[in-house]
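Take a look at the structure below.
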Amino acid sequence: MASVSQPQFRYTQPPSKVLHLRNLPWECTEEELTELGKPFGRVVNTKCNVGANRNQAFIEFADLNQAIAMISYYASSSEPAQVRGKTVYLQYSNRQEIINNKTTADVAGNVLLVTIDGQDARLVSIDVLHLVFSAFGFVHKITTFEKTAGFQALVQFSGAETATSAKNALDGRIIPRYLLSENIAPCTLRIMYSAHTDLSVKFQSHRSRDYTNPYLSVAPSAIDGSGQFSLVLDGKKLEPESNVLLASIENMQYAVTLDVLHMVFSAFGLVQKIAMFDKNGGVQALIQYPDVQTAVVAKEALEGHCIYDGGFCKLHISYSRHTDLSIKVNNDRSRDYTIPNPAMVNQQPSILGQQSVQTMSPASHEYNGTQYASGLEQPMMPPQPSAGWASGVPAVSQSIPVQMTNHPYMPPTSMPQMTPGMMQMPGHGGVPPSGTVPHGPNQLY
DNA sequence: AGCACA
């Protein structure tokens, strides 16, 4: 065998009045260390939260014999040294004194270094962090990053006072469950002071935010393929208002056709163009109005509502960065309604005609995601749109059987005419009498 | 669970 090289660790240390402890709970305080050493002598200095995991510590006794007493005691004790129920391992330190560089982590500042602990720590969004810390004062900026210590965030407050109150209240606590998805494991916050006083946030992104400057440009990485912002700031969408809306459809049990979208969005004003596309396994659409105001009203009215009863085809709407869509071809997925197209008009009703023959039971035509992709099969006829906003459908579409649901939306300014029949539709089943169908968009003009 | 920001 080769000669014995220097062992990485020496298992017997020469005595020192400084003891090295490991396997401590990270919450361990200097007071607890003092308590632990007190029975054996006078503790003159301590240092906790040492090491990358902050689970090591040092205790310095006034006299070497006191340190020896403690080591000897626990060497033969049946009860191990414990802090907060955790067994701690101790040995002589290879240093002779504790050097207490009172730096960053100990000195109160306006910026907190937050470590998020837990299985799913990195699933905690910056918005959740913002919410949690905002309880203690205005949060100026947040940055998040990954280090060896795990998923961390720097949270900037106005001053050390608010930062300290947040630290005192949140250090060691878990993020309230109701702020996280049910399937996310508990996340604990560990908080120290950072040496920073002002974070530099260049972009609004999923990793960093500057709440003092909402109009800071958005990181290119945060803009998706459709030119859409996906950020949220203070619970509000960050993107500026636009005359073009991006609608994504959640829980799409039924195929949503261009015509259904046109009908729904026409309730708030002239729809100039619609483009539908597949995104992340779902369907999204860009809907263009002539002006921003109409789009704002439509967004406010439709956001979060379902096209069909039963929570089907829930709409999520945000503003697009687009102002004018370029529709290259009029087909079942995109349409420019500003350009009269006789050929299209002739093609289009055929789709509606075929679909209008019978209604189907909802179960018989669940959206399977392949209907569009195949290109061979026409999207099947969904049950009639039935959500509250349909009350705003223009009079030309009044043959649509509209049901008033639990959350009827009344457009704040211009409530379109209601025909008596619209109000009198019975039931909430979402399945219309057979033979009813949305009018083709061409009839609106 | 192994020595103090490298």
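Letters A, B, ... mirror the listed sequences (proteins, then strands); counts begin at 1.
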> Who passes side chain to side chain donor-acceptor pair (under 3.5 Å) against A:Ser93, sequence neighbours left out?
Replying inline: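 Partners of A:Ser93 under the side chain to side chain donor-acceptor pair (under 3.5 Å) test: none.
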Spacing of [X] atom [atom1] relative to [N] atom [atom2], expressed in whole Å:
X	N	atom1	atom2	answer
A:Tyr193	B:dC5	OH	P	19 Å
A:Leu19	B:dA1	CG	C1'	16 Å
A:Lys86	B:dA1	NZ	C1'	9 Å
A:Leu90	B:dC3	CG	P	15 Å
A:Gln91	B:dA4	CD	C1'	14 Å
A:Asn100	B:dC5	CG	P	11 Å
A:Trp26	B:dA1	CH2	P	17 Å

Among [options], find the nucleotide with the atom closest to the side chain of [X].
X	options	answer
A:Ile99	B:dA1, B:dC3, B:dA4	B:dA4
A:His20	B:dA1, B:dC3, B:dA4	B:dC3
A:Asn23	B:dA4, B:dA1, B:dC3	B:dA1

>> According to side-chain contact (heavy atoms from CB on, under 4.5 Å), who are the partners of A:Glu79, at least two apart in sequence or on a separate chain?
In response: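 Only A:Ser77, A:Gln82 meet the side-chain contact (heavy atoms from CB on, under 4.5 Å) criterion with A:Glu79.
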> Is any side-chain heavy atom of A:Val264 less than 4.5 Å from a side-chain heavy atom of A:Leu302?
Replying inline: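 A side-chain contact under 4.5 Å exists here.
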>> Show every salt bridge (Lys or Arg N to Asp or Glu O under 4.0 Å) that has at least one partner inside residues 41-62 of chain A, sequence neighbours left out.
In response: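 Passing the test, one end in residues 41-62 of chain A: A:Lys17-A:Glu60.
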> Please, which pairs that meet ring-ring contact (aromatic ring centres under 6.0 Å, His included) have at least one residue in residues 42-72 of chain A, sequence neighbours excluded?
Replying inline: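 Counting only pairs at least two positions apart or across chains, the ring-ring contact (aromatic ring centres under 6.0 Å, His included) contacts touching residues 42-72 of chain A are A:His20-A:Phe58.
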Would you list the atom pairs, donor with acceptor, under 3.5 Å between side chains in residues 149-159 of chain A and any protein atom, with sequence neighbours excluded?
from	atom 1	to	atom 2	distance (Å)
A:Gln152	NE2	A:Thr115	OG1	2.8
A:Gln156	OE1	A:Leu199	N	2.7
A:Gln156	NE2	A:Asp198	OD1	2.9
A:Ser158	OG	A:His140	NE2	2.8

> Are OP1 or OP2 of B:dA4 and a side-chain N or O of A:Arg95 less than 4.0 angstrom apart?
Replying inline: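 Affirmative; the distance criterion is met.
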>> Does A:Gln96 reach a base, just sugar-phosphate, or nothing at all? Heavy atoms under 4.0 Å.
In response: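 Since no nucleic acid heavy atom lies under 4.0 Å of A:Gln96, the category is nothing.
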>> Closer than 4.0 angstrom, basic N to acidic O: yes or no for A:Lys273 and A:Asp324?
In response: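 Salt bridge present between A:Lys273 and A:Asp324.
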>> If you take any heavy atom closer than 4.0 Å to DNA chain B, which residues from residues 41-59 of chain A end up in contact?
In response: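 Listed by number, they are A:Lys47, A:Val50, A:Gln56, A:Phe58.
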